[in-house]
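Okay, so here's the structure we're looking at.
Residue numbers start from 1 in every chain, and the chains themselves are labelled A, B, ... in the order their sequence lines are given, proteins ahead of strands. On a predicted model such as this, the values are computed, not experimentally measured, just so you know.
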Amino acid sequence: MTEHVAQATGIASWAWLLIAFPALGATILLLAGKKARGWGHLLGSATVIASFAVGLATFLDAVGRSPEERVRELHLFSWIPVQALQVDFGLRLDPLSLVFVLLITGVGSLIHIYSIGYMAHDQEHRVGKANEERSRFFAYLNLFVSAMLILVLGNGFVTLYFGWEGVGLASYLLIAFYQHRPAAATAAKKAFLMNRVGDLGLAIAIFIMFNRLGTTQYTEVFSRAGEFTQPELLAIALLLLLGACGKSGQFPLQAWLPDAMEGPTPVSALIHAATMVTAGVYLIARSNPIYNLTPDGRLGVVIIGTITLLIGCIVGCAYDDFKKVLAYSTVSQIGYMILAVGLGPIGYALGIMHLLTHGFFKAGLFLGAGSVMHGMNDEGNIRKMGGLRKHMPITFVTWTLGYLALIGFPFLSGYYSKDAIIEAAFSQEGWRAWVFGGAALLGAGLTAFYMTRLFLLVFMGEERWKKLKSADGRDYHPHESPLTMTVPMIILAIGSVAVGFLLSKGNTLATWLEPALGELQEGGHGPIPHEIVGWLVLALSALGALTAYLIHGRKSVAVERPLKVAFPIRAARNDLYANAINEAIFARPGTWLTRALVFVDNKGVDGVVLGSAALLQGSSSRLRRMQTGFVRSYALSMLVGSVIVMAALILVRF
Amino acid sequence: MGAASLLIAMLLPLVGAIVVAQFSKNEKTAKTVAMAFALAELIPAAIAWVEYDPNGDRLQLTMVADWIPALGVHFALGVDGIALVMLALIAVLVPIVLLGDWVGRLPAGRSYAGYAALILLMEMCMVGVFVAIDVFLFYVLFEVMLIPMYFLIGRFGGPRGSYAAVKFFLYSLFGGLIMLGSVIGCYVVAQNRTGTGTFMWADLVGALHGASTTTQIWLFLGFFLAFAIKAPLVPLHTWLPDATAEAPIGAGVLLVGVLDKVGTFGFLRYNLALFPQASQKLAPYVLVLAVAGVLYGSLLAVGQRDMKRFMAYVSIAHFGFIALGIFAFTSQALAGAVLYMVMHGFSTGMLFVCAGMVIDRGGSRNIEDYGGMHRATPLLGGLFLIAGLSVLSLPGTNSFVPEFLVLVGSFPREPVFTVLATIGMVLAALYVLWMYQRIFQGPLRGTALVGLAGGPGTAQDPVTSKIRDLNVREMLVLAPLVIAVVGFGLYPKPVLDVIGPSVSATMHEVGLTDLVEGGNR
């Protein structure tokens, strides 16, 4: 495969503004500090909207070109030039990155606008001073948008890595936005650390690329991917997968994502649902020339995706925290995307498609959750909610559309994107169809169950909050949110309804992505015909929803979660013991090791050094043997002199 | 003009030290004069930077005068790109640390004039070791450099200052004396091989070329031991945490930021260039020490309770990376190591200065005496975090490029060591963010802060607390460091361009070529 990469000209040569606008916004807001109190949120939103405008112009410019001319690069400057290694800082403007640009700046703009209302309120009753910290929040959001754009626009693996860790920083800052809460600080650190573990994979994959090809730029790596040996290809594929696991909350690095819900809700919507956590899917889709050459590597990707989608569904059924259920739902849906891109040429475009539809409905679901919590004194426990449909009609309608889209209700977005993935999983050979297709099918049923449960407990049934008070002793007065919050929710709800149809009609998206991902291939026939798979998905989803209704919809829900439950539920409530395992394998032995080393270092190492000093004296005497004549006496006198100086210095009293 | 700039760069701080010492009764004048000399040092450094031609000779701006003719000892100065960037680092850091310690609490009976004079004397010695191109002159300055630092730690340091000073002195002196043996050995070997003994570095490179590997190994070891103590490689590091903990903040910054780099600089300039076969032969052993240093230093940094000892262990971990880069023998790794030497000075220096400002407020070095400080000092908290992110090598900060270069460059020759060292990246995130969490995040707490804030009852309200955020002077201290941290993160090319040819020359001296050739661009 040879790549034809033209230099960007015309409108596209201004694409650097995409990154520059939010980066400038973040810089100004951070430098201005409290002075930005009055206008920080306006500037912060304006920069992202400006970015969106540039993105749209670049996109339309690309639409007007023939497919072969849609892959272009914009060289900015030479970043790390050392001999063979020439890392350029440049942008790759192709159908794949432009789709991401629109998602990031489009959904990003909506969420910035939503945050104007959400964060104003949030600070009022939390710290008692309005707007004090809102501009800092917008600074971090801007920082995130610029880093995320570097991630998807960078034209090589090192620029990707730059954006990759940059979004990690933004995520860290935003999870820990309420710094005074120990839980928020711990969650942020955990997120950064688990991400760094993934980053190691990405870094080592880059080392292997440089070692074999002497370059890390996409164009060369992809056009010369055939020069890798098969073990190298497998290693790169799995190491990139490790990176994807960290960033996208995939097994075994999924435990940080639910904790990340400590951050303000707009952050959960933008970073931990719609954009950043899907970067792993982007990475694998972007690296398709490598994955195309390694079926074993792809199998690894599929396995991880499948395990994760099941973990997410199972744990999602057990949680009572509004945002954490959505977080596990995100884990699970990204599992679907990873599964899809792991299928190779029959799945890359499907993964991206689900990524886009998910970006709309999951962002909408999170914003709806934020709206609910906003009206409920920041209450997150769904057992204390109920019957909210009457008090928040707009939130109710928009959220319900997002919910239906997620569970794959016919003709809404998720119906098109998720079904396609399940069908593709079933179109493989032999046991793979049954294992991966079956798991994805089962996941659809579980998804319908936990989402319906969430829907029923929050919006339907009796109003359990009436008899309760919030943690700070106030009554609940649920109310609809202001326009800055509801308008973005409405727009996202429209997207949740329509995007799937628009993107899949006539294979619009798949065709558009062809220059970057290759042609979307048809899968094999598999053991079950496609139509039947579609009906099975519908039937299982309906069954899941019905089960949820039978359990939670007909009788009243206890405010306290029942403690005497069967083992599977206990396990699910404990994240299937992911944290306990991490604790037992890494955290505790690590603490012991560090303590032991500190003890040894303080007590023992000096002794070892003094002991080996005797050994070294032998070597110096051998050196002396080489010396001749007056040099030796000169050296000797110098030695004596040094000793005297040393003695004098030590005797000086401090 | 150019050649004189190095001599001036050496003499200016010396004159400054003598002048400042006269104002022991007048602190205000002493401060002004010391700062004037420290800032003036930027001029010869800038001239040297401008005059230096990266693609010119191996050593430039040279100036040679006889010193001890009978022994062929010269007072000879000159720089390559590597020494030049270190000179620039020194010139930038010294005014910053002087301003940083502007109102530092001196021990009873000590004058600021004495402190500033010692710092300037340090500067003279540090400049000297980097610009000396006569091995004997280098040795002398290498030893003399101990004296001002010895007094800085002992006289101006913490309660265990004298113990730490003696330990520092003994370790360094021991290494230095062994090195002296090797220095003389070089002279002798040169005399045997060419008929004329010499201490001039450039002549020695030629004279020692082709000496037997055994001879090289013994001479190598003498230099190596001194340098491995100076840029401490595990297990020769135990003097550094003590010295760093007890030294005043400014001296500590210079200690880990510049003085220790003499060791890694020595590896490059002396071990690699003078003893190429020995370097190749012994590299695996050095790499073991390097990677052990990365992991050991990182783990100990995680476990530290004392902020200043923390800085020492962080530096030990980073010196491990630098040593890995030097002994992996590829252009990328070497360039990364050199860049790391400079950037570590900025990043760890900035973190150290920030920690000093924390200590200044709370009066304690113990991390556990602090907590939730961000609410009272958001600006200090933010800058501390930026420094921390640089220390953990976040892309976009100055330390990322060198760490990446070291690792990507080492991988082709030493994949196993490289992969082991990357674990240090995760540990770095752990020790930096955990430290930040313990000092700045969570509710306001800790004995050092709660007392200041006016008792536990009012501790939650920073408005009434006496913990003040950064003042103008402190912002002036940190501003150049922030600019360096972010600026070199995004655009390291000016520095890479200067060190590149010298790195290639070093590769040539070692006699190795890169394993990886460039892509067909």
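Closest heavy-atom contact between B:P412 and A:N211: CB-OD1, 3.3 Å. In this structure, B:A429 and A:L193 approach most closely via the heavy-atom pair CB-CD2, 3.8 Å. B:Q437 and A:P182 make their closest contact through NE2-O, 4.2 Å (heavy atoms, listed as atom of the first residue, atom of the second, distance). Summarising the geometry of A:T594 relative to B:L299, their closest heavy-atom pair is CG2-O, 2.8 Å, with the distance given to 0.1 Å. Among all heavy-atom pairs drawn from B:S331 and A:Q83, the shortest one is CB-CG, 3.4 Å.
With A:W79 contributing its side chain and B:K493 its backbone, the two residues share no donor-acceptor pair below 3.5 Å.
Only the side chain of A:V158 comes within less than 4.5 Å of a heavy atom of chain B; its backbone N, CA, C and O stay farther away. With a threshold of 4.5 angstrom between heavy atoms, A:T216 does not approach chain B through any atom at all. Only the side chain of B:R309 comes within contact range of chain A, with at least one heavy atom under 4.5 Å from a heavy atom of that chain. Neither the backbone nor the side chain of A:I150 comes within contact range of chain B; no heavy atom of the residue lies under 4.5 Å from a heavy atom of that chain.
At a threshold of 4.5 Å between non-hydrogen side-chain atoms, the residues B:W434 and A:T186 do not count as touching. In this structure, the side chains of A:F207 and B:F404 come closer than 4.5 Å at one or more pairs of heavy atoms. No side-chain heavy atom of A:V82 sits less than 4.5 Å from a side-chain heavy atom of B:V503. Proximity of B:L389 to A:L169: side-chain heavy atoms (C-beta onward) are separated by under 4.5 Å at one or more points. At a threshold of 4.5 Å between non-hydrogen side-chain atoms, the residues B:L490 and A:F162 count as touching. Residues A:Q179 and B:R375 form no side-chain contact, since every pair of their non-hydrogen atoms from C-beta on lies 4.5 Å or further apart. At least one side-chain heavy atom of B:L405 sits under 4.5 Å from a side-chain heavy atom of A:L85. Side-chain contact between A:W164 and B:P395 is absent, with no heavy-atom pair separated by less than 4.5 Å.
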>> Quick one, B:L394 with A:F192, criterion side chain to side chain contact (heavy atoms under 4.5 Å, CB included). Give me CA distance, side-chain angles, the key distance, then yes/no.
In response: CA-CA 11 Å; B:L394 189 85; A:F192 197 96; 3.9 Å; yes

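Ring centroids of A:F77 and B:Y491 are separated by less than 6.0 Å, placing the two rings close together. Checked against the 6.0 Å centroid criterion, the rings of B:F400 and A:Y161 qualify as a close aromatic pair.
No other option in A:S78, A:G590, A:A176, A:G166 has as many heavy-atom pairs under 4.5 Å with chain B as A:S78. Ranking B:L146, B:L392, B:T330, B:V419 against chain A, the residue ahead of the rest is B:L392, based on heavy-atom pairs under 4.5 Å. Ranked by non-hydrogen atom pairs under 4.5 Å with chain A, the options B:L496, B:I423, B:D514, B:V408 are led by B:V408. Highest contact tally toward chain B, considering only A:L30, A:I206, A:I208, is held by A:I208 [criterion: heavy-atom pairs under 4.5 Å]. The greatest number of non-hydrogen atom pairs below 4.5 Å with chain A, out of B:L427, B:V401, B:V302, is found for B:V401.
The distance from atom CE of B:M425 to atom CG of A:L200, rounded to the nearest 0.5 Å, is 5.5 Å. Note that CG of A:D601 and CG of B:L300 are 5.0 Å apart. Values are rounded to the nearest 0.5 Å. Atom NZ in A:K189 sits 6.5 Å away from atom CG in B:L430 (nearest 0.5 Å). With values rounded to the nearest 0.5 angstrom, A:F210 atom CZ is found 9.5 Å from B:L515 atom CG. Once rounded to the nearest 0.5 Å, the distance linking NZ of A:K34 with CG of B:L379 reads 10.0 Å. Rounded to the nearest 0.5 angstrom, B:Q332 CD and A:I80 CD1 are separated by 11.0 Å.
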